[in-house]
Structures are given as structure tokens and as C-alpha cells.
Amino acid sequence: LRKPKNGTVKNLENGTNVDREETEDKAAQSLLNKIIHTSLVNTTSQVEVLQRDPNSPLYSVKTFEELRLKEALLKGVYDMGFNRPSKIQENALPMMLAEPPQNLIAQSQSGTGKTAAFSLAMLSHVNPAKKFTQCLCIAPTYELALQTGKVIEQMGKFYPEVKLAYAIRGNKLERGMKLQEQIVIGTPGTVLDWCTKLKIIDPKKISVFVLDEADVMIATQGHQDQSIRIQRMLPKECQMLLFSATFEDSVWKFAERVVPDPNIIKLKREEETLDTIKQYYVLCNNNKEKFTALCNIYGAMTIAQAMIFCHTRKTAGWLAGELTKEGHVVALLSGEMTVEQRAAVIERFREGKEKVLVTTNVCSRGIDVEQVSVVINFDLPMDKDGNADNETYLHRIGRTGRFGKRGIAVNMIDSNHSMNILKQIEEHFNKKINKLDTDELDEIE
Ligand code: ADP
């Protein structure tokens, strides 16, 4: 298997313009999710299936055996610790492995088994005896391509005849040579070059085309066009598969352009709710007072784990420092860290090595807060116009109904403005947020 020479994961937050920052943040978030999801995300949501041909029998599988995979691949799957297909895999795998091949658009949140599913599909379809590229998978960034490549390598561990190449920057190849690797994973620009300028892949010989992270893809300037150009070169009978964590209209439009006659599978995200959360606010005058209140709250509770949200990196850094001075063992998650550093911090926190995590908003979306019993909004979430950011509030505090343990949320108010935001949040969710007097903390818990 051809390994890229330069496999470092760079900091993705130093975009030069707004557009770029947004995009790169999406890609960074996605990468972070891939790294920290070391097991399936729990979900009780139902899969929604829309078939291209409503008359063909719809079936799902409950075991990997039912898929009649090659022995080496079944071994690879079990070696990865998978016992049975995930929710989305139950439906997606039979469709992807069907004869004749079927096209698929699948949407489900990060961590539900999409990557594993299409990796298995590509490995199954490959003919190892043929020494040319048969499966093409495109991903939005260098780092995401590497991450997916790792999954294919791992799953194909007992199937060494199948080789994988990375079409990413830095992997320079000679014009006109023919690639022997059966599977190629890469970014749209390099893949396009390899198919057109360098002609080292013959697009007419591709039988499976996978477009991963479509939502991140279309957020990147140029990627959408490049993906469409690649798709146009493929034969009609090539199987087209598209995956995305979210599905706004723009993603949908793109998906329909690159995947003709698709089957569609959707797995709804579990709704978050504030029902099991006790919400409070504390009145303070400045950061110092907020800090004192925070220490009081923390001291009064036998907290399992707490997460503290700040608006800026600067506040987060300062607060983490102050808490450390007070003798707390604190973890800090901040924007200047690389994705890998962030993943390491999240991993330690999950393992309980630190009890308190101070973070800015940008960094925290990937963290599953189910285990965290207390969430403190040191600063309230607001959008760039200074209005309440209700979605982020729900995301920070909310729990998914059925697994939801009880939790406490404390909002720190230090100005009319933040009071205003609090009122907006109260109104939006139609739930009262009670005042907490930090000198009498008996009422909490
Ligand atoms: P997605 O692409 O939707 O983000 P992944 O395919 O990366 O999801 O899967 C998320 C995590 O769950 C990975 O750690 C993966 O190894 C694991 N996983 C995937 N499928 C299964 C399965 N059937 N059983 C157990 N774990 C699985």
C-alpha cells in the first residue's frame, strides 16, 4: 500500500478569508469527528429508505455473514471489532453490494458507520487480478483522505492483493505511467489531474465512484466543479455513491447532479432536548466575579465532569490558568491547537483524566456531552450580530432524550446584553431559567 510521504495533520484554522475559514472549519470538524469516534455513535433513530425501484425487494441485513463477503474481508471486518452492521449499514450494504450495482445517496451523522460501509463496498467490488484502478473515492481534504485510507487499509488487512493509492498533493507521479492500484482515494483536484493531465488513471475503467463528505466538499471553492468533471468522465454503468453528514438543499442539489437514479437512505439525527436539564443563571459584574461564582458552584457540588464554555480563546486560556492556580486539574481546548491535539485532549477528558474542560465554541462541537453532568456557559452563545445562538445553546446543554442523564446548566450573566441573550433563550425554548444565588448553593443538584 502506497503511503503518503508527508502524513502530518496541519492546523486547519488559519484561513485567509471568511469563506476559507468556514470551509476549513467544516473540514477540521469533520476530521476531528473521525478521529474521536472510535466506536459507533449510539442512535435509536429509524432509517428512512427511498428506493430507486420501489418494486425491487427491500432487504436489510442483521449480520455480516448474510452479505456473503469474501472470507478475507469478513475476517477484516471482525478484526476491526465489528460484530454486526450498524443501523445505516443494515440497509446500505445490501444495496451497495447488489448485482447489478445500485447508486446510493446516504445521509447520517458522523460516527454512524458510513466510511466503514463504503470501504467495504469498494473492497468487495475490486477484482484483484486486474492491475488498474477500479474504485475511485474522493474526499474534501488531504487529511480526510488519509483518514479514510486508513480504514480501507485496515479492513483490507487480510486481502493484500488489493492495493490502495493516495491521490493527494505531494504524491507526484509521472505522466503516462499507469497506476496499478485498484483503489484510489484522494482530493478532487489531484484525482482530476491523474485522470486528465497525467492520464495515469483511465476513468472509463472505473466501476465504483465514492464521494465522501459531500457537505464539506461543496463548501470548498472549486471542489464541486471538479467532482462533477470527474463524474462526467466515468462510464454510465459505474456505481455512484455519495455520503454526507448533513443535507441542506445545496448538498441535495449537488447529490442529484452526481448520482443518477439514486436509492436514498437517511438516518435522522436524534433530537436534543432540555427536558432533563436544570437551567440556572448567576448574576455577576465582571470576569473576576464570574470566576469566583464558578469556584463556589464547583466547590458545592460533587461533580462528575464539567464543561465550561467561553466566547474567546483569550478568556478560555485565562480561565484555565486561574482554575489551575486554584488547584483544579483542567483541560483546555482551543482554536490554535491542531486537530490531532484537540482529539488528544478530548480523549483524555473522556477517559476522566481531567474533570474540567474549558473550551471555546468552535472546538467543542464534536464532544459528546452525555457523560458531563454540569455545563457552564461562562459566556453565553451568541451569533455574530450579538443575538442568542439558540442552536449552539441546545447543542451545548441538551441531551438526546433516551440516553439522557440529568444535568445542570449554569449561565453566567455580566451585562444587560448577556441578560438579554438569556431572555431570548428562555423565550425560544419556552423554559424558565432560574436565578442561582451562589452564596446558597443547597438548591443545586
Ligand atoms: P462515519 O463515516 O459515519 O463517520 P465510521 O464508519 O467512521 O462512521 O464509523 C464510526 C466508528 O464506528 C469507527 O470507529 C468505526 O470503526 C466504528 N464502526 C463502524 N461500523 C461499525 C460496526 N458495524 N460495528 C462496530 N463499530 C463500527
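This is a predicted model, so every value here is computed, not measured. Just follow the structure's listing: the first ligand is 1, and inside any ligand the first atom is 1.
Atoms of ligand 1 found under 4.0 Å from any heavy atom of T112 (numbered from 1 in listed order, with element): 1 (P), 3 (O), 8 (O). Close contacts between ligand 1 and S110 involve ligand atoms 4 (O) [criterion: under 4.0 Å to a heavy atom]. Per-residue contacts place S86 under 4.0 angstrom from the following atoms of ligand 1 (heavy atoms of the residue considered): 23 (N). Those atoms of ligand 1 with a heavy atom of Q109 less than 4.0 angstrom away are 3 (O).
Remark: ligand 1 and Q89 share an N or O pair separated by less than 3.5 Å (distance only, no angle test). The shortest N or O to N or O distance between T115 and ligand 1 is below 3.5 Å. Distances between N or O atoms of G113 and those of ligand 1 include at least one value under 3.5 Å. Where the criterion is an N or O separation shorter than 3.5 Å, residue side chain and backbone included, P85 fails it with respect to ligand 1. Ligand 1 has a nitrogen or oxygen under 3.5 angstrom from a nitrogen or oxygen of G111. Polar contact check, K114 against ligand 1: a nitrogen or oxygen pair lies under 3.5 Å apart.
Under the side chain to side chain contact (heavy atoms under 4.5 Å, CB included) test applied with M95, the options N103, V49, L241 reduce to a single match, V49. The salt bridge (Lys or Arg N to Asp or Glu O under 4.0 Å) with K34 is formed by just one residue from the set E340, E143, E213; it is E213. In summary, of the residues considered (Q134, E237, Q239), a side chain to side chain contact (heavy atoms under 4.5 Å, CB included) with S207 occurs for Q134 alone.
Using bins of under 30°, 30° to 60° and over 60° for the plane-to-plane angle, the ring pair F247/W252 lands in the perpendicular bin.
Here R84 has backbone heavy atoms under 4.0 Å from ligand 1, and that is the only part of it that gets that close. At a 4.0 Å heavy-atom cut-off, ligand 1 does not touch M80 at all. If you look at F64 next to ligand 1, the close heavy atoms, those under 4.0 Å, all belong to the side chain.
Using a cutoff of 4.0 Å between basic side-chain nitrogens and carboxylate oxygens, D215 and K26 are not scored as salt-bridged. The residues D79 and K75 are annotated as not salt-bridged, no charged nitrogen and carboxylate oxygen being separated by less than 4.0 angstrom. Using a 4.0 Å cut-off between charged side-chain N and carboxylate O, K178 and D202 make no salt bridge.
I308 places a side-chain heavy atom less than 4.5 Å from the side chain of L294.
Scanning the protein heavy atoms around atom 13 (C) of ligand 1, the nearest turns out to be H37 O, 3.5 Å. Here the heavy atom of the protein found nearest to atom 6 (O) of ligand 1 is A116 N, 2.9 Å. Considering only non-hydrogen protein atoms, atom 25 (C) of ligand 1 sits nearest to F82 CD2, 3.5 Å.
K205 forms a cation-pi arrangement with F132, by the criterion of a distance under 6.0 Å to the ring centre and an angle within 45° of the ring axis.
Counted within 6.0 Å of NZ on K314, heavy atoms from surrounding residues, nucleotides or ligands total 12 or fewer; the atom is thus considered open.
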